[in-house]
Structure formats: C-alpha cells, structure tokens
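Please read the structure below before turning to the comments.
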Amino acid sequence: MELRGRWRNQYGSVLSLQPEADGLLAGTFDTALEDSIFFGTPLRIAGVHSGAGLAFSFGLERDGVATVCSFTGRLDEGRIETVWHVVTAGKPWPHAIMTNADRFERLD
C-alpha cells in the first residue's frame with residue numbers, strides 16, 4: 001500500500017499526502033480540532049519518506065505566536081501510525097510542548 005492519498009485520524013483531521021520519487025513528501029494537514037491553533041485552514045506540509053517510514057512538519061504564526069508541529073511514523077497494516085510534537089513560542093518552557101500519537105486510516 002502506498003502513502004499517496006487522503007487519510008483521516010481518530011479526531012477527524014485530514015492528511016493529504018503526495019510522496020515524490022526522490023524521498024520528499026508534500027501535501028496538507030487540516031485539523032478538525034476547533035481548539036487547535038492550526039484550526040481553520042489546511043496547512044502545507046513538508047517532509048520525507050523512505051519505504052514505509054515518513055516524517056512531516058508544518059507551522060504557522062497566528063496572533064504573533066509561532067507554532068510548529070512534527071509527525072513521525074510508518075505505514076503499518078493499511079494505517080499510518082504516528083507520534084507528534086507541537087512546540088509553541090506562546091508559552092514558557094516546559095509548557096510550550098505537547099506530544100501524543102495519532103492513527104490515520106485511508107479515505108481514498
């Protein structure tokens with residue numbers, strides 16, 4: 001199974017992936033979580049892939065606060081299993097970082 005296509009995680013967020021032959025990864029991430037700083041617009045991702053492994057990131061600055069998110073994972077039995085980190089400049093360290101895991105299922 002290949003990475004190309006649209007994937008939805010357990011919260012309803014949608015990841016669109018466009019892997020390239022040279023190992024680069026492009027696409028968008030559109031969060032369904034209304035309380036996320038990333039909510040409201042699909043964000044362009046940039047990343048890499050190798051075999052079943054992948055990593056991608058995106059970020060934005062909103063209301064003067066810069067925030068970035070990075071996912072790392074693998075294609076496993078038809079799902080993409082990931083761990084992610086969000087780091088924001090809007091909070092004092094160590095409250096500026098969140099980490100969790102997401103599972104993406106294929107939409108198309």
Side-chain angles (χ1 to χ4, degrees):
M1 179 180 276
E2 73 170 74
L3 294 171
R4 181 175 310 279
R6 291 177 358 111
W7 303 80
R8 183 174 42 225
N9 72 7
Q10 68 271 28
Y11 304 109
S13 301
V14 176
L15 171 65
S16 296
L17 294 177
Q18 299 159 358
E20 299 175 9
D22 60 1
L24 296 179
L25 189 62
T28 59
F29 182 81
D30 191 5
T31 185
L33 301 176
E34 293 182 21
D35 62 345
S36 170
I37 194 166
F38 300 117
F39 183 76
T41 186
L43 297 165
R44 282 186 358 166
I45 67 164
V48 296
H49 67 96
S50 179
L54 73 153
F56 63 90
S57 299
F58 54 87
L60 63 73
E61 186 171 334
R62 182 172 284 158
D63 300 326
V65 177
T67 305
V68 294
C69 181
S70 177
F71 284 77
T72 304
R74 69 181 193 177
L75 184 60
D76 186 31
E77 297 183 12
R79 298 179 304 268
I80 298 176
E81 303 283 354
T82 66
V83 293
W84 55 260
H85 304 284
V86 172
V87 179
T88 182
K91 297 181 181 180
W93 201 262
H95 304 286
I97 190 165
M98 293 182 294
T99 299
N100 209 331
D102 281 3
R103 170 181 285 168
F104 291 85
E105 305 278 343
R106 184 175 287 284
L107 281 175
D108 53 19

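Residues satisfying the side-chain hydrogen bond (donor to acceptor under 3.5 Å, both in side chains) test with Arg103, not counting sequence neighbours, are Glu81. The side chain to side chain contact (heavy atoms under 4.5 Å, CB included) test applied to Ala96 returns Thr88, Lys91, Trp93, not counting sequence neighbours. Considering only residues two or more places apart in sequence or on other chains, Phe38 meets the ring-ring contact (aromatic ring centres under 6.0 Å, His included) condition with Phe58. Partners of Asp35 by side chain to side chain contact (heavy atoms under 4.5 Å, CB included), not counting sequence neighbours, listed by chain and number: Leu33.
Of all the heavy atoms in Ala32 and Ser13, the pair that sits closest is N-OG, 2.9 Å. In plain terms, the two heavy atoms of Trp7 and Leu3 that are nearest each other are NE1-O, 2.9 Å. Summarising the geometry of Ile45 relative to Leu15, their closest heavy-atom pair is CD1-CD1, 4.1 Å, with the distance given to 0.1 Å. Here the closest non-hydrogen pair linking Leu60 and Ile37 is CD2-O, 4.0 Å. When all heavy atoms of Arg6 and Asp108 are compared, the closest pair comes out as N-OD1, 2.8 Å. Annotation for Leu25 and Ala55: closest pair CD2-O, 4.1 Å, computed over non-hydrogen atoms.
Separation of atoms OG1 (Thr72) and CZ (Arg74) is listed at 13.0 Å; rounding is to 0.5 Å. Between atom OG1 of residue Thr82 and atom CG of residue Asp76 there is a gap of 12.0 Å, rounded to the nearest 0.5 Å. The OG1 atom of Thr31 sits 9.0 Å away from atom CG of Leu43, with the distance rounded to the nearest 0.5 Å. Between the OG1 atom of Thr28 and the CZ atom of Phe56 there is a distance of 10.0 Å, given to the nearest 0.5 Å.
Following chains of ILVMFWY side-chain contacts shorter than 4.5 Å, one cannot reach Val87 starting from Phe29, and the two form parts of different hydrophobic clusters. Residues Val68 and Leu54 do not share a hydrophobic cluster, clusters being chains of Ile/Leu/Val/Met/Phe/Trp/Tyr side chains in contact below 4.5 Å. Val48 and Phe104 are members of different hydrophobic clusters when ILVMFWY side chains are connected at heavy-atom separations under 4.5 Å.
The closest side-chain heavy-atom distance from Thr67 to Val65 is below 4.5 Å. Between Arg8 and Glu105 there is no side-chain heavy-atom pair separated by less than 4.5 Å.
Taking a 4.5 Å side-chain heavy-atom cut-off between Ile, Leu, Val, Met, Phe, Trp and Tyr, the cluster of Leu107 extends to Val14.
Between Trp84 and Phe71, the ring planes are tilted. Angles from 30° to 60° get that label.
Remark: Arg44 CZ is loosely packed, at most 12 non-hydrogen atoms of other residues, nucleotides or ligands lying under 6.0 Å away.
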Would you be so kind as to tabulate the donor-acceptor pairs closer than 3.5 Å made by side chains of residues 16-24, with sequence neighbours excluded?
{"residue": "Asp22", "atom": "OD1", "partner": "Leu24", "partner atom": "N", "Å": "3.2"}

